[in-house]
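Note that the structure is predicted; figures quoted are calculated from it, not measured.
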Amino acid sequence: MNTFGNIFRLTSFGESHGPGIGGVIDGCPSGFELDMEAIQKELNRRKPGQSRITTPRKEDDEVQFLSGIYEGKTTGTPIGFIVWNKNQHSADYDNMKQVYRPSHADYTYQMKYGIRDPRGGGRSSARETISRCVAGAIARQILAKQGIDIKAYTSQVGNICLDKPWEAYDLNRIEENPVRCPDPDKAIEMEELIAKVKSQGDTIGGIISGVITGVPVGLGEPVFGKLHAALGNAMLSINAVKGFEYGDGFAAAGFQGSERNDRFFNDHGKINVRTNHSGGIQGGISNGQPIYFRVAFKSVATLLMEQETVDMEGNDTILKARGRHDPCVLPRAVPIVEAMAAMTLLDYWLMQQARVMER
């Protein structure tokens with residue numbers, strides 16, 4: 001199960017400490033001129049070593065395309081690509097070969113497959129998300145031609161959170177700080193908290209919020225292919241994600257219908273709504289309003305401190321991990337959230353185009 005999507009599909013491959021991470025994109029429309037610099041920019045936003053609050057691992061993360069592109073344009077055939085790994089420190093994981101890291105995928109992978117790659121977590125490493133950023137960068141370029149824009153940002157780290165709706169912030173300021181938060185003052189607090197946690201050998205989680213604008217009415221299937229379910233599936237496939245909500249989300253449970261219904265009105269000859277508590281999706285189908293959602297990330301499982309665990313024989317032991325790890329995944333996860341949203345939206349846009357053609 002390494003393939004994502006229905007029409008626009010990504011199959012990813014590779015491990016954290018293997019030769020490289022790559023993928024094959026199938027179902028991409030032909031004749032589309034790609035901005036290669038924009039694709040590399042998305043990888044640069046995800047790559048390690050960006051600031052004092054990310055892992056110090058140094059990787060260029062330069063993508064090499066192998067097929068599916070001719071003279072800068074998509075040909076409609078599979079787009080193959082790879083990003084070579086160049087800065088592995090596999091020896092950092094020697095003391096983890098025979099033990100299970102708490103809350104990591106070591107135990108479940110071993111039980112499922114009977115074998116695992118302990119170097120950097122192997123296939124369970126967040127380095128796998130490189131392939132998603134490449135595919136997402138291509139998807140968002142195609143979506144941009146349709147007027148669809150996707151932005152994500154860090155809205156909470158630990159107990160430091162933004163207290164205003166997304167409309168109150170200038171989302172064009174996200175890249176002005178290493179935390180990728182649109183509130184400069186909160187960003188400073190978040191950065192200091194992450195740095196403090198890192199100095200203690202600990203980790204911390206938080207929330208990334210996403211906003212999709214320009215979405216036409218009609219994307220999504222009425223029962224088992226609901227658009228919000230597809231977005232939830234996409235986000236929950238990202239490493240360390242523990243929750244997804246859209247619109248009012250869980251807060252909607254505390255209100256009456258009279259307080260939260262999005263009332264329609266005639267807006268100079270066009271049907272519009274006075275509020276958007278639904279988050280741009282009703283009945284599993286986009287209604288033309290902005291889609292907004294939140295993705296909860298847990299704290300990174302690998303701690304640079306002693307923890308109780310067991311070895312592969314079931315014996316109690318103590319593990320102190322080594323290596324280069326993020327104290328908080330959120331700053332580097334922002335482009336990953338955007339990439340998964342882009343792939344989902346393009347996939348569902350293409351499905352809707354196929355349906356319209358059938359009429």
Open item on the list: Go through it in stages, so that I can follow the logic: the residues are Val211 and Leu171, the test is side-chain contact (heavy atoms from CB on, under 4.5 Å), and I'd like the CA-CA distance, side-chain angles, deciding distance and then a yes or no.
Closed with: CA-CA 9 Å; Val211 180; Leu171 300 188; 4.2 Å; yes
Task: Atom pair CD1 (Ile150) and CD1 (Ile148), whose distance is rounded to the nearest 0.5 Å - done: 7.5 Å
TODO: Identify the two heavy atoms, one from Arg263 and one from Ser258, that lie closest to each other, and give their separation to 0.1 Å.
DONE: NH2-O, 3.2 Å
- [ ] Evaluate whether atom CD1 of Ile318 has more than 12 neighbouring non-hydrogen atoms of other residues, nucleotides or ligands under 6.0 angstrom away.
- [x] yes
Open item on the list: Taking the side chain as everything from C-beta on, heavy atoms only, tell me whether Ile39 gets closer than 4.5 Å to Gln141.
Closed with: yes
Task: Euclidean distance, His17 NE2 relative to Asn85 CG, rounded to 0.5 Å - done: 8.0 Å
Open item on the list: Can you confirm whether more than 12 heavy atoms, excluding those of Leu236, are under 6.0 Å from its CG atom?
Closed with: yes
Open item on the list: Between Arg140 and Glu42, does any side-chain N to carboxylate O distance fall below 4.0 Å?
Closed with: yes
Below 3.5 Å, can you tabulate the donor-acceptor pairs from side chains in residues 281-290 to any protein atom, sequence neighbours excluded?
unit_1, atom_1, unit_2, atom_2, d
Gln282, OE1, Asn287, ND2, 3.3
Gln282, NE2, Ser278, OG, 3.2
Ser286, OG, Pro216, O, 2.6
Ser286, OG, Gly218, N, 3.2
Ser286, OG, Leu219, N, 2.9
Asn287, OD1, Gln289, N, 3.0
Gln289, NE2, Asn272, OD1, 3.1

Open item on the list: Let me check something: do Val273 and Val215 share a hydrophobic cluster, defined by ILVMFWY side-chain heavy atoms less than 4.5 Å apart, either directly or through other members?
Closed with: no
- [ ] Decide whether a cation-pi geometry holds between Arg274 and Phe265; the criteria are a distance under 6.0 Å from NZ or CZ to the six-membered ring centre and an angle within 45° of the ring axis.
- [x] yes
Task: Minimum side-chain heavy-atom gap Leu231-Leu345 below 4.5 Å - done: yes
Could you list the donor-acceptor pairs under 3.5 angstrom formed by side chains in residues 26-36, with sequence neighbours left out?
unit_1, atom_1, unit_2, atom_2, d
Asp26, OD2, Arg9, NH2, 3.1
Asp35, OD1, Glu37, N, 3.1
Asp35, OD1, Ala38, N, 3.1

Open item on the list: A side-chain contact here means heavy atoms from C-beta on lying under 4.5 Å apart; do Cys161 and Ile207 qualify?
Closed with: no
TODO: Calculate, to the nearest 0.5 Å, the distance between atoms CZ and CG belonging to Arg332 and Asp326 respectively.
DONE: 4.5 Å
- [ ] For side-chain hydrogen bond (donor to acceptor under 3.5 Å, both in side chains), just list the numbers for Ser12 and Glu128, CA-CA rounded to whole Å, side-chain angles, deciding distance to a tenth of an Å, and then say yes or no.
- [x] CA-CA 8 Å; Ser12 73; Glu128 177 273 335; 3.0 Å; yes
Open item on the list: Between Arg127 and Asp61 (salt bridge meaning N to carboxylate O under 4.0 Å), is one present in this structure?
Closed with: yes
Task: Step-by-step side-chain hydrogen bond (donor to acceptor under 3.5 Å, both in side chains) determination, Gln40 to Asn44 - done: CA-CA 6 Å; Gln40 187 59 52; Asn44 293 344; 3.1 Å; yes
TODO: Identify whether Leu43 and Ile82 are in the same connected component of the hydrophobic contact network (ILVMFWY, side-chain heavy atoms under 4.5 Å).
DONE: no
- [ ] Answer yes or no: does atom CD of Glu259 have more than 12 heavy-atom neighbours from other residues, nucleotides or ligands under 6.0 Å?
- [x] yes
Task: Gap between atom CG of Leu319 and atom NE2 of His104 - 0.5 Å precision - done: 10.5 Å
Open item on the list: Under a 3.5 Å distance rule, please check whether Asp267 uses its side chain to pair with a backbone N or O of Lys270 as donor and acceptor.
Closed with: no
Task: N-O pairing of Glu175 and Arg180 below 4.0 Å - done: yes
Task: Test item: Leu350 and Tyr348 side chains (from C-beta on) under 4.5 Å apart, heavy atoms - done: no
- [ ] Run through the side-chain heavy atoms of Ile, Leu, Val, Met, Phe, Trp and Tyr, join any pair under 4.5 Å, and report what else lands in Tyr100's cluster.
- [x] Tyr107, Met111, Val310, Met312
Task: Shortest non-hydrogen contact from Leu162 toward Thr154 - done: CD1-O, 4.1 Å
- [ ] Output, in order, the C-alpha distance, side-chain angles, deciding distance and verdict of side-chain contact (heavy atoms from CB on, under 4.5 Å) for Thr74 and Ile79.
- [x] CA-CA 8 Å; Thr74 60; Ile79 300 173; 4.1 Å; yes
Open item on the list: So which atom in Ile208 and which in Leu330 form the shortest heavy-atom distance, rounded to 0.1 Å?
Closed with: CD1-O, 3.5 Å
TODO: Please check if atom CH2 in Trp84 has more than 12 non-hydrogen atoms from other residues, nucleotides or ligands closer than 6.0 Å.
DONE: no
Task: Check: Ser237 main-chain N/O paired with Asn233 side-chain donor or acceptor under 3.5 Å - done: no
TODO: Using the six-membered ring of Tyr109, assess whether NZ or CZ of Arg116 lies under 6.0 Å from its centre and within 45 degrees of the ring axis.
DONE: no
Task: Criterion side-chain hydrogen bond (donor to acceptor under 3.5 Å, both in side chains) on Thr317 and Asp311, from CA distance to verdict - done: CA-CA 7 Å; Thr317 187; Asp311 61 23; over 6 Å; no
Open item on the list: Show, in sequence, the C-alpha distance, side-chain angles and deciding distance for Arg173 and Asp170, and conclude whether the side-chain contact (heavy atoms from CB on, under 4.5 Å) test is met.
Closed with: CA-CA 6 Å; Arg173 304 191 65 181; Asp170 181 358; 3.5 Å; yes
Task: Verify same cluster id: Ile69, Val24 (apolar side-chain graph, 4.5 Å) - done: no
- [ ] Check Ser67 against Pro78 and note the closest heavy-atom contact, atom names and distance.
- [x] OG-O, 2.9 Å
TODO: Would you indicate whether the side-chain heavy atoms of Leu66 and Gln64 approach each other to under 4.5 Å?
DONE: yes
- [ ] For residues Ala339 and Arg132, report the shortest heavy-atom separation together with the two atoms involved.
- [x] CB-O, 3.3 Å
Task: Chi angles and distances behind the salt bridge (charged side-chain N to carboxylate O under 4.0 Å, His left out) call for Asp117, Arg123 - done: CA-CA 8 Å; Asp117 183 350; Arg123 183 71 174 154; over 6 Å; no
Task: Passing option when His228 is tested against Tyr292, Tyr246, Phe293 for ring-ring contact (aromatic ring centres under 6.0 Å, His included) - done: Tyr246
Open item on the list: Using only atom types and a distance under 3.5 Å, with no angle test, would you say the side chain of Gln156 pairs donor to acceptor with the backbone of Gly158?
Closed with: yes
Task: Ile336 vs Cys133 side-chain heavy atoms within contact, under 4.5 Å - done: yes
Open item on the list: Within the 4.5 Å heavy-atom criterion, are Trp349 and Gln146 side-chain neighbours or not?
Closed with: yes
Task: Electrostatic pair Glu245:Arg294 at N-O distance under 4.0 angstrom - done: yes
Open item on the list: Using side-chain contact (heavy atoms from CB on, under 4.5 Å), reason through Met343 and Leu10 one step at a time and then give a plain yes or no.
Closed with: CA-CA 9 Å; Met343 283 193 286; Leu10 166 69; 4.1 Å; yes
TODO: Looking only at non-hydrogen atoms, find the nearest pair between Ala152 and Ile174 and report the distance.
DONE: O-CD1, 3.3 Å
- [ ] Using a 4.5 Å cut-off on heavy atoms from C-beta on, say whether the side chain of Asp347 contacts that of Phe4.
- [x] no
Task: Nearest-0.5 Å distance, CG of residue Asn6 to CE of residue Met351 - done: 4.5 Å
Open item on the list: The test is side-chain hydrogen bond (donor to acceptor under 3.5 Å, both in side chains); show your working for Asp248 and His277 and say whether it passes.
Closed with: CA-CA 5 Å; Asp248 282 356; His277 298 295; 3.0 Å; yes
Open item on the list: Distance check, rounded to the nearest 0.5 Å: Phe81 atom CZ versus Ile21 atom CD1?
Closed with: 10.0 Å
